[in-house]
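Single-structure report; data block below.
Order of appearance sets the numbers: ligands from 1, and atoms from 1 within every ligand.
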Amino acid sequence: MESGLYVVATPIGNLGDISQRALAVMAAADLVAAEDTRHTSRLLQHFNVDVPLQAYHDHSDARAQARIMACLAANGIVVLVSDAGTPLISDPGYRLVREAQQHGFRVVPIPGACAAIAALSASGLPTDRFLFEGFLPAKAGARAARLQSLSAETATLVFYEAPHRVVETLEAMVEAFGADREALLARELTKTFETLRRAPLAELAAFVAADSNQQRGEIVLAVSGQRGRDQEGELSDETARLLQRLAVELPAKRAAAVVADLTGLRKKALYDYLLGLKD
Ligand code: SAM
């Protein structure tokens, strides 16, 4: 195995999700740089891997980074892991990867679990375009402002959220995106109490608020992007074309219902649009 910095994904719950490449590179490592060495040493023990560990996070001092660079300079194999999932995805490592690249060392991704991608893959929400937003600001005002700035985004939005904030975040999402926008709660992925629930935002917020079990564990929230309308709130050309074409074949009410189903737009607004064309 060639010298380099290997950015290794680890499981997000179910240890069966470790990859063969992850195990091979960890066994060959001269140094494993870990977000939390106690956490990672339990993982390594589970897989009978015995290699030197060093703590590394985004606030590590220059000496920690220098030790890693020295290992790479001596043709070593350094593995970067975070507590769970893919390093750098709402996790430490960005500075280290940049530094390794600047020194001309190889940086090699070893892909695997990532909560955002796992949630999206089973969400039933559009996945052709998505925007990973990570954690929202913890303070209500800043969170509302961020959500507002995303309200016209047409790509599916993906967030990480802490369990003690999930109820208020869902309420803030209803405010910013409207009660009807489709959303997903993906909780405890790959673990015993895995829950995936897709529903309009207001329904999802009520479901989580009513059951304290849904306010526990690790959580991904995803929200469908704004569909069918452009930035000014007008029907997009594509939606208008579809609606008009269907209205040639079907009664206006039926055409509006089909397009509402496809786009998440309100049936009444689509029907009114068709009536307006008649006028
Ligand atoms: N790097 C990780 C990844 O690739 O997903 C994410 C690390 S971030 C510090 C931790 C957050 O990821 C959690 O607060 C939660 O929002 C999400 N997360 C991690 N594991 C999860 C799981 N098993 N189920 C649902 N969400 C999870």
Side-chain angles (χ1 to χ4, degrees), residues 5-19 21-22 25-26 32-40 42-43 46 55-60 79-97 107-125 127 130-138 143 146-147 150 156-170 172-173 183-199 204-205 207-208 211-223:
L5 176 65
Y6 289 77
V7 183
V8 176
T10 56
I12 55 169
N14 188 325
L15 294 182
D17 291 335
I18 194 86
S19 74
R21 284 184 79 206
V25 75
M26 288 196 294
V32 172
E35 183 183 6
D36 177 339
T37 51
R38 273 178 312 172
H39 185 99
T40 298
R42 282 197 295 275
L43 180 81
H46 178 87
Y56 179 81
H57 45 78
D58 279 338
H59 307 292
S60 288
V79 161
L80 172 68
V81 289
S82 56
D83 285 353
T86 302
L88 279 85
I89 307 302
S90 290
D91 264 341
Y94 170 73
R95 274 181 43 218
L96 189 63
V97 166
V107 178
V108 186
I110 306 290
C114 173
I117 299 297
L120 264 180
S121 71
S123 67
L125 296 174
T127 50
F130 61 86
L131 181 60
F132 176 64
E133 274 289 317
F135 289 96
L136 283 162
R143 180 179 54 213
R146 174 74 56 81
L147 290 174
L150 293 167
T156 294
L157 303 165
V158 186
F159 304 89
Y160 285 161
E161 191 47 287
H164 61 278
R165 278 199 287 267
V166 67
V167 171
E168 51 185 82
T169 293
L170 282 168
M173 286 177 168
L184 171 90
L185 171 83
R187 201 176 65 82
E188 293 290 87
L189 291 168
T190 77
K191 305 189 212 176
T192 311
F193 296 108
E194 180 177 84
T195 309
L196 284 138
R197 191 175 180 104
R198 177 164 55 85
L204 194 64
F207 166 75
V208 174
D211 180 357
S212 60
N213 284 327
Q214 303 304 332
Q215 302 160 33
R216 299 208 174 107
E218 299 197 276
I219 293 169
V220 179
L221 296 173
V223 182

If I take atom CG from residue Asn213 and atom OG1 from residue Thr195, how far apart are they, to the nearest 0.5 angstrom? 8.5 Å
Can you spot which of Leu189, Val220, Leu185 makes a side-chain contact (heavy atoms from CB on, under 4.5 Å) with Leu196? Leu189
Pocket residues around ligand 1 (non-hydrogen, under 4.0 Å) come out as Ile12, Ala84, Gly85, Thr86, Ile89, Ser90, Asp91, Cys114, Ala115, Phe135, Tyr160, Glu161, Ala186, Glu188, Leu189, Lys191, Glu218, Ile219, Val220
By salt bridge (charged side-chain N to carboxylate O under 4.0 Å, His left out), Glu188 pairs with (sequence neighbours left out) Lys191
Could you measure the distance from the CZ atom of Arg216 to the CZ atom of Arg187? Nearest 0.5 Å is fine. 8.5 Å
Does the Tyr160 side chain pair with the main chain of Glu218, one donor and one acceptor, at a distance under 3.5 Å? no
With a cut-off of 6.0 Å (strictly less than), are more than 12 heavy atoms of other residues, nucleotides or ligands near CZ of Phe193? no
